[in-house]
Amino acid sequence: APAAPPPAPLGCDDPESEAAAEFAVNYINGHSRHGYKFALNRIDNIRVVPQGLNDDIMYLELDLLETTCHILSPTPLENCTVRSFTQHAVEGDCDVKLQKLNGKLSVLASKCHSHADSSEDVLRVCPDCPLLASLNNTEVLATVSAALNDHNSRTADPYLRLLEIGRARMQYHPVHSVSVEFAVAATNCSAAEAKENAGACQLLPEDQSNFGFCTASRLIHPSEDLSVNCQLYGHQVPPHQLPPLPEHSTGQDTS
Amino acid sequence: PVAKRAVAEAAQHDKVPRPVGFVPPPPPCPGKIRHFDI
């Protein structure tokens with residue numbers, strides 16, 4: 001009897017591929033501690049290598065796009081807006097190896113690299129759009145520092161410390177401005193106590209942690225102006241034990 | 001004696017005539033773009 005024809009290769013838009021991709025994206029977001037949540041934009045390729053009965057290894061090549069939700073935000077991914085092209089989008093390229101054993105998926109390995117869209121592409125569509133700036137640019141650092149000090153000086157909430165700068169954009173025309181986004185965490189000080197001795201203010205322990213996110217815009221020319229908006233998420237139980245956040249890390253790659 | 005037909009001729013005869021309006025299925029990968037391509 002002729003051998004059974006080999007199963008047709010999985011298509012990238014097949015339900016089984018999409019389920020595997022969704023599982024992989026949730027894993028990537030769940031195991032990252034820096035930057036923003038990423039959403040699936042395209043399944044570039046999928047390869048299935050049968051290992052035995054109901055046992056397959058799946059190799060996925062995924063094209064992701066950065067969302068506006070910081071990785072510490074409790075907002076569900078489906079409610080996170082994908083950063084638009086004119087906001088200077090950031091793409092993530094991920095290779096993920098999964099195992100599907102008796103219908104249950106697990107991630108064996110993942111490697112991602114993120115990179116911003118080219119400035120030329122953005123300016124071609126939007127000549128006056130602000131462009132991403134380096135996170136250690138002096139004007140960026142000065143804006144983050146001024147914004148955090150401004151918030152801490154005005155609030156009755158706990159004194160906030162910087163966790164990491166998420167992104168920064170600069171514009172030179174028609175005005176010179178800097179806009180920044182950064183992650184913060186509540187400390188064990190009130191703002192008033194911090195005025196006495198900010199150095200003594202420590203981040204709250206993991207079981208009481210309270211993370212938040214700030215956005216700020218600073219007009220530098222033709223006049224100085226600063227607007228700051230910080231939101232604390234409230235205490236969240238971490239989904240699983242993750243490595244502690246370094247004090248001022250701004251790592252961009254997950255691997 | 002069995003004469004081997006020229007490949008082109010054989011291919012010509014073996015080519016299955018496609019119905020009018022036949023649209024080949026899209027390649028299995030890459031998949032659809034959900035937001036935009038950069």
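Every value quoted in this text rests on a predicted model; they were computed, and no experiment measured them. Just so it is clear, the values below take in all heavy atoms, side chains as well, and ignore hydrogens, waters and symmetry mates.
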Contact summary for Cys12(A) and Pro30(B), nearest pair of heavy atoms: CB-C, 4.0 Å

From Ile38(B) atom CD1 to Glu66(A) atom CD, the distance as rounded to the nearest 0.5 Å: 9.5 Å

Atom CZ in Arg42(A), atom CZ in Arg34(B): separation rounded to 0.5 Å? 9.5 Å

Within a strict 4.5 Å, meaning less than it, do heavy atoms of the His35(B) and Asp63(A) side chains meet? no

For Ser17(A), which atoms come within 4.5 Å of any heavy atom of chain B: side chain, backbone, both, or neither? neither

Segment of Arg83(A) engaging chain B (4.5 angstrom heavy-atom cut-off): backbone

Side-chain (Asp13(A)) to main-chain (Gly31(B)) donor-acceptor, under 3.5 angstrom: no

Heavy-atom distances under 4.5 Å only: say whether Ile43(A) touches chain B with side chain, backbone, both or neither. both

Can you tell me which portion of Glu18(A) sits under 4.5 Å from chain B's heavy atoms? Options are side chain, backbone, both or neither. side chain

Could you check which of Ile46(A), Leu40(A), Asp14(A) has the highest count of heavy-atom pairs closer than 4.5 Å to chain B? Leu40(A)

Are any side-chain N or O atoms of Asp44(A) and backbone N or O atoms of Cys29(B), one a donor and one an acceptor, separated by less than 3.5 Å? no

If one checks every heavy atom of Asn45(A) against chain B at 4.5 Å, the contacting part turns out to be both

Where Val82(A) and Phe36(B) come nearest, the two heavy atoms and their spacing: CG1-CE2, 4.2 Å

Take atom CD of Glu22(A) as the centre, draw a 6.0 Å sphere, and report whether it contains more than 12 heavy atoms from other residues, nucleotides or ligands. no

